[in-house]
Amino acid sequence: MKKQIAVLPGDGIGPEITEGAIKVLQAAAEKFGHEFSFQKALIGGAAIDETGEPLPKETVEICQQSDAILLGAVGGYKWDNLPGDKRPEKGLLAIRKSLDLFANLRPVQAFKSLSNASTLKEEVINGVDLMIVRELTGGIYFGEPRERRGENNEEVVDTLHYTKREIERIIEKAFQLAMLRDKKVTSVDKANVLESSRMWRETAEEIAKKYPEVELEHLLVDNAAMALIRNPKQFDVMVTENMFGDILSDEASMLTGSLGMLPSASLSADGPGLFEPVHGSAPDIAGQGKANPLATILSAAMMLKYAFEMKEEAAAIEEAVEEVLEAGYRTADIVEENTKVLTTNEMVEVVISYLSQDKKAADAISVKR
Ligand code: IPM
Ligand code: MN
């Protein structure tokens, strides 16, 4: 198959990790006889420096003309003092909104060989396999008004806004995913306080009627935060609004040992999907070869699975990552005793050697060090 992929490297470690994921995608294309072409475009601070805008129009056009989008990360100290609508993060929010990427899938899978990297007990995290489905284009992230106001600007407002349709489509997505998994949906809200959450809960009950095989439970978000750490294995699909999903997915990343391991997919109803690691741009380690490329590589695997329906290809990448970890290869964020620390590029090369089943080449990389 021929596919056109837009690449938005962004800031900080974004360029290194997307470069790595491109190489892995190319290796997968070669192995399975596909043809992927890549077109780079600006977003975030890099775009602000070049054009004055965090999301230039040209970038949106390139994305719209592509079959899928690979994104690194945005943000950095350099742009921290810019006004809200000129910050790098605005670029990320704007691309999500302009492509209507309402469904953010954040799978959390505990890798057996990383169980020591987590701060949690092995017996709590072993076997964790859950999917956070985060609403991504509504809620308090986008509601109007949002402003400083009043005398001396000493009053402030953000707005949590949802339409019924927005809630329906994300909950529907969660049920569809649950049908392909363990048939359990946990809907997370704050229905004891928020009006929006009460409509959320009501809508979840309505959608559930269409899926009699799927078990639905409701959890308040504070309780969900606790339950994620106490007994994460109870969860299959967790569906929640934008802000709650942002917070819970960072928390859930610790179940895998590192935020550097978590991939994500952001999907619309019919346009190109966007695939990016859950972690940020880590400006403190940018350009030093310390970044963990695995979340981006796993995001590329999600692209193959969800955008191109290349299940076997996606599984091959996931398997290569698992084997690489089992063989003791690590980046600095997940290093432990008796493992081999690799740079970002070396990790990419090792994953590629495992993918192309050339493990000798992988060993040669570690011997060089
Ligand atoms: C994420 C990030 C973004 C978000 C930021 C960078 C705007 O934290 O993708 O989770 O809050 O959605
Ligand atoms: Mn986040």
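On a predicted model such as this, the values are computed, not experimentally measured, just so you know. Read the numbers this way: they start at 1 and go in the same order the structure lists the ligands and their atoms. Count residues from 1 along the sequence.
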Residues Lys40 and Glu19 bridged, charged N to O under 4.0 Å: yes
NZ/Lys90: more than 12 non-hydrogen atoms of other groups inside 6.0 Å: no
Within the 4.0 Å heavy-atom sphere of ligand 1, strictly under, residues: Glu89, Leu92, Arg96, Arg106, Arg134, Tyr141, Asp246
Qualifying residues under side-chain contact (heavy atoms from CB on, under 4.5 Å), relative to Lys121, sequence neighbours excluded: Glu123, Val124
Under the side-chain hydrogen bond (donor to acceptor under 3.5 Å, both in side chains) test, residues paired with Glu151 that sit two or more places apart: none
Given Thr256, Val128, Asp129, the one that forms side chain to side chain contact (heavy atoms under 4.5 Å, CB included) with Gln109: Asp129
Atom CD of Glu213 with >12 non-hydrogen neighbours under 6.0 angstrom: no
Salt-bridge criterion met for Glu168 and Lys173 (N-O under 4.0 Å): no
Residues Lys31 and Glu313 bridged, charged N to O under 4.0 Å: no
Residues, nucleotides or ligands: over 12 heavy atoms within 6.0 Å of Asn81 CG: no
Residue and atom, protein N/O/S, under 2.8 Å of the Mn ion (ligand 2): Asp246 OD1
